[in-house]
Amino acid sequence: MNWKEIRRDFPLLTQHPDIAYLDNAATTQKPARVLEACRDFYEERNANPLRGLYDLSQRATEAYEQARETVAGFVNAHSAEEIVFTRNATESLNLVAFSYGSTLRPGDEILVSVLEHHSNLIPWQQAAARTGAVLKFIPCDPEGRITEADVRSALTERTRVVAMTQVSNVLGVENDIRRFARLAHEAGAVFVCDGAQSVPHLPVDVQALDVDFLAFSGHKVYAPMGIGVLYGRQELLDRMPPFLTGGEMIEYVTRESATWAELPHKFEAGTVNASGAVGLAAAIDYCREIGLEQIVERENALSRVAFEALSAVPHLRLLGAKEAEGHHGIFTFTLEGAHPHDIAEILSADGVCVRAGHHCAQVLMAHLGTPSTARASLSFYNTEEEIGRLAESLRTVRRRLGYAE
Ligand code: 7TS
């Protein structure tokens with residue numbers, strides 16, 4: 001695999017060779033192919049999909065529904081009806097928490113882990129507040145690991161929902177979703193998987209994992225911003241009330257009431273982001289052409305380089321797993337005596353992009369006793385040279401802040 005050549009598929013990276021983009025957990029860069037697919041939609045097929053009877057609108061509808069088929073195949077859904085397009089993982093998780101969450105009763109229990117991004121926490125806090133359900137937390141150890149015993153001891157006969165991320169956006173640790181979903185099902189609960197950080201980096205198969213819902217964002221998997229996915233098991237989606245209401249999601253409307261459209265349209269109110277969906281399909285095709293296995297291998301190799309390089313930086317403390325394999329390309333760290341925002345600003349002056357702050361995971365930060373960290377996150381298009389720049393720049397931070405060494 002010629003990774004140098006693959007990197008040239010990304011116009012922003014080519015046009016800005018001075019930038020070492022290491023914030024891929026926040027969003028990824030876009031290959032030219034994806035940008036062209038979006039442009040092609042607007043130049044060749046643009047009309048409001050799912051409405052018009054004329055040819056152009058039908059072409060728009062076909063492109064949109066073809067994208068849904070591509071996504072369904074990518075996550076191995078049973079059918080395309082199980083794929084709902086949303087704006088992002090956040091909206092997908094809100095949809096589940098609002099709609100499936102409306103079936104919760106006072107005293108029912110919702111389980112989340114302390115690793116969760118706020119997008120897989122606040123919607124459940126709100127669902128609990130609306131219904132009288134109780135929100136409970138599964139703890140993790142200092143390296144971010146959650147064991148089967150942790151999940152077993154949190155489950156009760158009142159647990160109705162277990163919502164958990166597959167890969168932590170802070171620590172990069174991977175949860176054993178297949179096993180935890182089985183435990184949830186044995187307890188009579190549904191399992192909601194936040195795939196925002198796993199779908200871009202691992203093959204994710206909803207049938208093999210046996211999850212009831214999977215949420216992810218297009219923009220983290222080389223597609224445009226503004227398109228996201230919710231996979232839901234058909235029998236559950238069928239029984240759930242709509243989330244947003246209005247045009248396109250209805251079957252029949254009177255002055256007083258309405259009936260709902262078939263899946264997945266029941267959950268797609270209003271004009272959809274067809275060009276985004278087409279861009280997402282192009283991004284999936286692109287990743288498949290490189291090969292998911294190759295992507296995993298390449299990102300593991302880069303992870304080993306980053307783990308070694310960061311471990312050798314004086315005064316740096318790496319959070320999470322004590323070996324490269326447990327990171328999935330995500331490296332969160334503190335540097336003694338340096339505020340993470342100062343680290344990010346100093347690195348930025350050297351052209352190195354990293355994220356600093358609580359990473360929208362304040363419960364985890366409180367659990368770990370660290371209010372704020374810096375984070376570098378990798379993609380297959382990153383290079384060993386960029387990781388070297390990161391480590392070199394980090395070595396200068398304390399000096400630039402006025403420390404003797
Ligand atoms: N879930 C996880 C695990 C995430 O990492 C993120 C975004 C989301 C949900 C929400 O995704 P969105 O596309 O709806 O915003 N995570 C990050 C991050 O780590 N830095 O910026 C965004």
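Numbers here simply count residues along the sequence, with the first being 1. Order of appearance sets the numbers: ligands from 1, and atoms from 1 within every ligand. Only heavy atoms go into these numbers, but all of them, side chains included; no hydrogens, no water, no symmetry mates.
- Between F243 and F98, the ring planes lie tilted relative to each other; the angle falls in the 30° to 60° range.
- Of the possible donor and acceptor atoms, none in the side chain of S217 sits under 3.5 Å from a partner among the backbone N and O of A196.
- Judged purely by distance below 3.5 Å, without hydrogens or angles, the side chains of Y381 and D9 never pair a donor atom with an acceptor atom.
- Within the structure, salt bridge (charged side-chain N to carboxylate O under 4.0 Å, His left out) contacts touching residues 286-296 (residues at least two apart or in different chains) are R33-E289.
- Side-chain N/O atoms of D350 and S393 include a donor and acceptor closer than 3.5 Å.
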Between ligand 1 and the protein, tabulate every N or O atom pair separated by less than 3.5 Å, reporting distance only.
residue	atom	partner	partner atom	Å
ligand 1	1 (N)	D194	OD1	3.3
ligand 1	1 (N)	D194	OD2	2.5
ligand 1	5 (O)	Q197	NE2	2.7
ligand 1	13 (O)	S217	OG	2.6
ligand 1	13 (O)	H219	NE2	2.6
ligand 1	14 (O)	A89	N	3.4
ligand 1	14 (O)	T90	N	2.9
ligand 1	14 (O)	T90	OG1	2.5
ligand 1	16 (N)	H117	NE2	3.4
ligand 1	16 (N)	K220	NZ	2.9
ligand 1	19 (O)	N169	ND2	2.9
ligand 1	19 (O)	R375	NH1	2.6
ligand 1	19 (O)	R375	NH2	3.3
ligand 1	20 (N)	R355	NH1	2.4
ligand 1	20 (N)	R375	NH2	3.2
ligand 1	21 (O)	R355	NH1	2.7

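- One side chain, D150 or T147, offers a donor N or O that lies under 3.5 Å from an acceptor on the other.
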